[in-house]
Amino acid sequence: MPELPEVETVVRDLKKVIVGQTITAIDIIDNRVIKDLSNTQFKRKLKGKTVQSVTRRAKGIIIAFDSDDYLFVHLKMTGQLIYGAKQNIKETKVVFSLSDGNYLNYNDQRLFGWLIYTTDLDTIGYIKTAGPEPFGRDFNCAFIREAIKTRKVPVKTLLLNQFFVAGIGNIYASEILHRAQISPMKPSFRLSDIECERLYDQTVDVLKESIRYRGTSMRNYRDSKGRRGRFMNRIRVYNREGKDCLSCGDKVKRIVQSGRSTFYCASCQD
DNA sequence: AGGTCGACCTGGCAGC
DNA sequence: TGCTGCCAGGTCGACC
């Protein structure tokens, strides 16, 4: 499910309600989402811990405790962190009881997600190797111009590469390229300076706009209150094969790149 | 070394 | 109604 805007939405909401709370109990319904630790170990590590902060890195959620340790959560395709009443649906895999009497439910239909307990975030390869944050100082036009020089992969594939830039997934890669008027098939090193500029501007603009609309709910994504994101209404090409391009009226096309669907308008993007 | 592809899972949907 | 095949927002490791 969630790409940067969806994860950011969850993080901002959770921050308001779980910081300062203590985990009083943990119910593990399916431990396949828990990495490296047994059920007993996982509970022992987290029970009694008080949440100090909730932050995001790439598409990952970092819950820090006042004891200098962390719970790293990656929602992958279908993970959800829902705060409120205890849930008991078939997707519910782990439930944390909190000191205010509410619960933090981890739901995950496909079980791809990760719950990782650690005392050192650098031991998590995903965090250690993630590329620059799109809103960070390190990600800018000059960085893009330099990074594309040696890359032959289609620019769509490059946008999905988390080593290049953190947080973009399959929906926003198509949306960013449509707004930047760049063909998803264009080899990265062939981007002109102007195109690099448009790519930078639209990456930042699309992600920020989606955060304002609380993300995109294609299928499974829900925020921490179980609500859908409203950026769905602003999607221009993703999952719109055969429909009219909202800019020019031509038909939106779908192709497969590196095994993943790409949607684009051949008239608007070259 | 850079790039591609299957594996990890469950479930919804279209077509027969 | 069932069955089959395809598709789904991500990441990694094995391969070429």
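Proteins come first, then strands; the chains are lettered A, B, ... in the order of their sequence lines, and each starts at number 1.
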Practice item. Check whether any side-chain N or O of Arg260(A) sits under 4.0 Å from OP1 or OP2 of dA8(C), and answer yes or no. Key: no
Review point. Want to settle it: does Tyr126(A) or Gly259(A) sit nearer the 5' end of DNA chain C, counting the closest nucleotide to each?
Key: Gly259(A)
Review point. Between atom CD in Gln162(A) and atom C1' in dG13(C), what is the gap in whole Å?
Key: 17 Å
Point to revise | Separation between the P atoms of dC9(B) and dG13(C), rounded to whole Å | key: 15 Å
Review point. Reckon Gln109(A) has a side-chain N or O less than 4.0 Å from the OP1 or OP2 of dC9(B)?
Key: no
Exercise for review: Check the distance between dC7(C)'s P and Arg240(A)'s CZ and give it to me in whole angstrom.
Suggested key: 20 Å
Point to revise | Nearest to side-chain heavy atoms of Val153(A), which nucleotide of dG11(B), dG10(C), dG3(B) | key: dG3(B)
Review point. Hey, is Arg234(A) close enough to Glu209(A) for a salt bridge, meaning N to O under 4.0 Å?
Key: yes
Review point. Touch check for Glu91(A), heavy atoms < 4.0 angstrom, all strands: base, sugar-phosphate only, or nothing?
Key: nothing
Exercise for review: Let me know the distance between NZ of Lys149(A) and P of dG2(B), rounded to the nearest Å.
Suggested key: 16 Å
Review point. For Phe135(A), is the NZ or CZ atom of Lys208(A) found under 6.0 angstrom from the centre of its six-membered ring and inside 45 degrees of the ring axis?
Key: yes
Check your understanding: Using a cut-off of less than 4.0 Å, is there contact between a side-chain N or O of Arg110(A) and OP1 or OP2 of dG12(B)?
Key -> no
Check your understanding: Between Glu6(A) and Arg214(A), is the closest basic N to carboxylate O distance under 4.0 Å?
Key -> no
Review point. Tell me: NZ of Lys76(A) to C1' of dA8(C), nearest whole Å?
Key: 14 Å
Check your understanding: Applying a 3.5 Å limit to both distances, which nucleotide forms a Watson-Crick or G-U wobble pair with dC9(B)?
Key -> none
**Study point:** dA1(B) pairs with, by Watson-Crick or G-U criteria that keep both distances under 3.5 Å
**Key:** none
Practice item. Take the protein atom CG of Leu111(A) and the nucleotide atom P of dT10(B), then report the distance between them rounded to whole Å. Key: 6 Å
Check your understanding: Given side chains that start at C-beta, do those of Pro154(A) and Lys186(A) come closer than 4.5 Å, heavy atoms only?
Key -> no
Exercise for review: Indicate whether Phe112(A) forms a stack on dC8(B); treat it as stacked only if centroid distance is below 5.5 angstrom and interplanar angle below 30 degrees.
Suggested key: yes
Review point. For Leu160(A) and dG2(B), what is the distance between atoms CG and C1' respectively, to the nearest whole Å?
Key: 16 Å
Check your understanding: Atom CZ of Phe163(A) to atom P of dT11(C): distance rounded to whole Å?
Key -> 10 Å
Review point. Base, sugar-phosphate alone, or nothing: which one does Tyr172(A) contact when heavy atoms must sit under 4.0 Å apart?
Key: nothing
Exercise for review: Inspect the contact between Glu133(A) and Arg57(A) and indicate whether a charged nitrogen and a carboxylate oxygen are less than 4.0 angstrom apart.
Suggested key: yes
**Study point:** Phosphate OP1/OP2 of dT11(C): any His74(A) side-chain N/O under 4.0 Å
**Key:** yes
Practice item. Using a heavy-atom cut-off of under 4.0 Å over every strand shown, decide if Ser261(A) touches base, sugar-phosphate, or nothing. Key: sugar-phosphate
Practice item. Please state how far atom CD in Glu241(A) lies from atom C1' in dA8(C), giving the value in whole angstrom units. Key: 15 Å
Exercise for review: Establish, yes or no, whether a centroid distance under 6.0 Å links the rings of Tyr200(A) and Phe139(A).
Suggested key: yes
